[in-house]
Student: 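Pasting a structure below so you can have a look.
The model shown is predicted, which means the values in this text are computed figures rather than measured ones.
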Amino acid sequence: MWTAVIAAPAQKMGEWLAVAFIGVMFLMVIVTGVFYFQIGSLWLQAFLARTHISLIQVVGMKLRRSPVKDIVRWKIMAAQAGVAISAKELEAAALQGADVERAVLAMIRAQETGQEMTWNDVIAEDTDQRLRDGS
C-alpha cells in the first residue's frame, strides 16, 4: 500500500521531466532554425557566389554587430568584378563609418580603367572627404 502512495508522486515527476525535456528540445530547434536563416543563408549566398567568407567569419561579424548582409553583398560585388578585397577589410571600413559601397564601386572603376589603387587609399580618401564635409 505504501508503495503505491510513494510511486504516484514519482510518476508525476517523471511526466513533468518529460514535458520539460520536450520543451527544451523544441526551443533548441527554434533557436537553431533562427540561427540558420539569419546566418546560414548569408554564408550560403557567399559560398554560392564563390567568395571566401567562412561560416565562422559570418558568425563573428554577427556577434560584433557588423552589417553582415551588406558586407556579404559588397564582397560578392567585388569578387564578381575581380577585385580582391577581404571580408575583414570590408568589415573594418564599415565599422569605421566609411561609405563602403562607394569605395567598392571606386575600386571596380579603378580596375576597369587600369588605375593602380589600393583599398587603403580609397578608404583614406573617403575618410578625408567625410572630415572635410564635417559628417
Side-chain angles (χ1 to χ4, degrees):
M1 172 159 169
W2 289 104
T3 314
V5 173
I6 295 172
Q11 186 179 9
K12 291 288 185 187
M13 180 76 138
E15 290 175 6
W16 280 107
L17 284 174
V19 169
F21 179 75
I22 291 171
V24 168
M25 293 306 290
F26 180 72
L27 186 62
M28 287 177 58
V29 167
I30 297 295
V31 168
T32 302
V34 168
F35 172 80
Y36 172 74
F37 286 115
Q38 283 189 350
I39 295 174
S41 63
L42 289 171
W43 173 80
L44 184 63
Q45 183 181 3
F47 177 76
L48 292 175
R50 293 187 178 94
T51 60
H52 299 288
I53 301 178
S54 70
L55 184 59
I56 292 173
Q57 282 180 305
V58 175
V59 170
M61 286 188 272
K62 189 75 169 173
L63 292 174
R64 287 187 293 273
R65 299 179 189 259
S66 298
V68 183
K69 187 181 282 188
D70 292 333
I71 291 170
V72 169
R73 185 172 47 90
W74 298 326
K75 177 71 174 159
I76 291 171
M77 188 175 14
Q80 288 178 345
V83 176
I85 305 171
S86 73
K88 288 179 183 179
E89 292 172 323
L90 292 169
E91 181 182 13
L95 293 175
Q96 204 174 321
D99 187 348
V100 181
E101 185 166 0
R102 190 173 81 186
V104 170
L105 291 173
M107 290 290 293
I108 293 170
R109 273 193 301 277
Q111 181 178 351
E112 289 173 351
T113 59
Q115 295 175 339
E116 286 294 321
M117 189 177 285
T118 66
W119 178 251
N120 292 332
D121 294 340
V122 174
I123 295 302
E125 170 107 15
D126 180 75
T127 303
D128 291 342
Q129 182 68 36
R130 282 187 291 129
L131 291 174
R132 280 193 299 267
D133 294 343
S135 50

Student: With side chains defined as the heavy atoms from C-beta onward, is the minimum distance between Ile76 and Gln80 less than 4.5 Å?
Tutor: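 Ile76 reaches Gln80 side chain to side chain.
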
Student: Charged N to carboxylate O below 4.0 Å: is that the case for Asp126 and Arg130?
Tutor: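 Salt bridge flag = yes for Arg130 with Asp126.
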
Student: Would you mind reporting whether Glu91 and Gln57 have side-chain heavy atoms less than 4.5 Å apart?
Tutor: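 No; the side chains remain at least 4.5 Å from each other.
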
Student: Within this structure, what is the NZ-CD distance for the pair Lys75 and Gln45, rounded to the nearest 0.5 Å?
Tutor: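 The distance works out to 13.5 Å.
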
Student: Do Ile53 and Met61 come close enough that some side-chain heavy atom pair is under 4.5 Å?
Tutor: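 They are in contact (side-chain heavy atoms under 4.5 Å apart), so the answer is yes.
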
Student: Working to the nearest 0.5 Å, report the span between NZ of Lys69 and OG of Ser41.
Tutor: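 One gets 7.5 Å once the value is rounded to the nearest 0.5 Å.
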
Student: For residues Met77 and Met117: do they belong to one hydrophobic cluster (side chain heavy atoms under 4.5 Å, members Ile, Leu, Val, Met, Phe, Trp, Tyr)?
Tutor: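 Yes; Met117 is reachable from Met77 via cluster members.
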
Student: Are Phe37 and Val59 grouped together when hydrophobic residues (ILVMFWY) are joined by side-chain heavy atoms under 4.5 angstrom apart?
Tutor: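 Cluster IDs for Phe37 and Val59 match.
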
Student: Is it the case that over 12 heavy atoms from other parts of the model lie below 6.0 angstrom from the CZ atom of Arg64?
Tutor: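 More than 12 within 6.0 Å, yes.
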
Student: Do Trp119 and Ile108 belong to the same hydrophobic cluster, where Ile, Leu, Val, Met, Phe, Trp and Tyr are linked whenever their side-chain heavy atoms lie under 4.5 Å apart, directly or via other members?
Tutor: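 Per the 4.5 Å side-chain linkage, Trp119 and Ile108 are co-clustered.
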
Student: Return the OG1 to CE distance between Thr118 and Met107, rounded to the nearest 0.5 Å.
Tutor: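 Reported to 0.5 Å precision, the distance equals 6.5 Å.
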
Student: With rounding to the nearest 0.5 angstrom, report the CD to CG distance, Gln129 to Asp133.
Tutor: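 CG of Asp133 is found 4.5 Å from CD of Gln129.
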
Student: For the residue pair Val100 and Asp70, establish whether any side-chain heavy-atom pair is separated by less than 4.5 Å.
Tutor: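 No. Closest side-chain heavy atoms not under 4.5 Å.
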
Student: If you round to the nearest 0.5 Å, how far is CG of Leu48 from CH2 of Trp43?
Tutor: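 Between atom CH2 of Trp43 and atom CG of Leu48 there are 8.0 Å.
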
Student: Same cluster for Leu63 and Leu90 if Ile/Leu/Val/Met/Phe/Trp/Tyr side chains link at under 4.5 Å?
Tutor: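 Same cluster.
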
Student: Measure the shortest side-chain to side-chain distance between Val19 and Glu15 over non-hydrogen atoms and say whether it is less than 4.5 angstrom.
Tutor: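 They are not in contact (no side-chain heavy atoms under 4.5 Å apart), so the answer is no.
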
Student: Does Ala46 offer a backbone N or O that forms a donor-acceptor pair with the side chain of Thr51 under 3.5 Å?
Tutor: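 Between the backbone of Ala46 and the side chain of Thr51 there is a qualifying donor-acceptor contact (under 3.5 Å).
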
Student: Is it true that atom CD of Glu125 has more than 12 heavy atoms of other residues, nucleotides or ligands lying nearer than 6.0 Å?
Tutor: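 Atom CD in Glu125 is not packed in, count stays at 12 or less.
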
Student: Atom CG in Leu44, atom CG in Leu55: separation rounded to 0.5 Å?
Tutor: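 Reported to 0.5 Å precision, the distance equals 10.5 Å.
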
Student: Determine, using the 4.5 Å side-chain heavy-atom cutoff (strictly less than), whether Val104 and Leu95 are members of one ILVMFWY cluster.
Tutor: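 No, Val104 and Leu95 fall in different hydrophobic clusters.
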
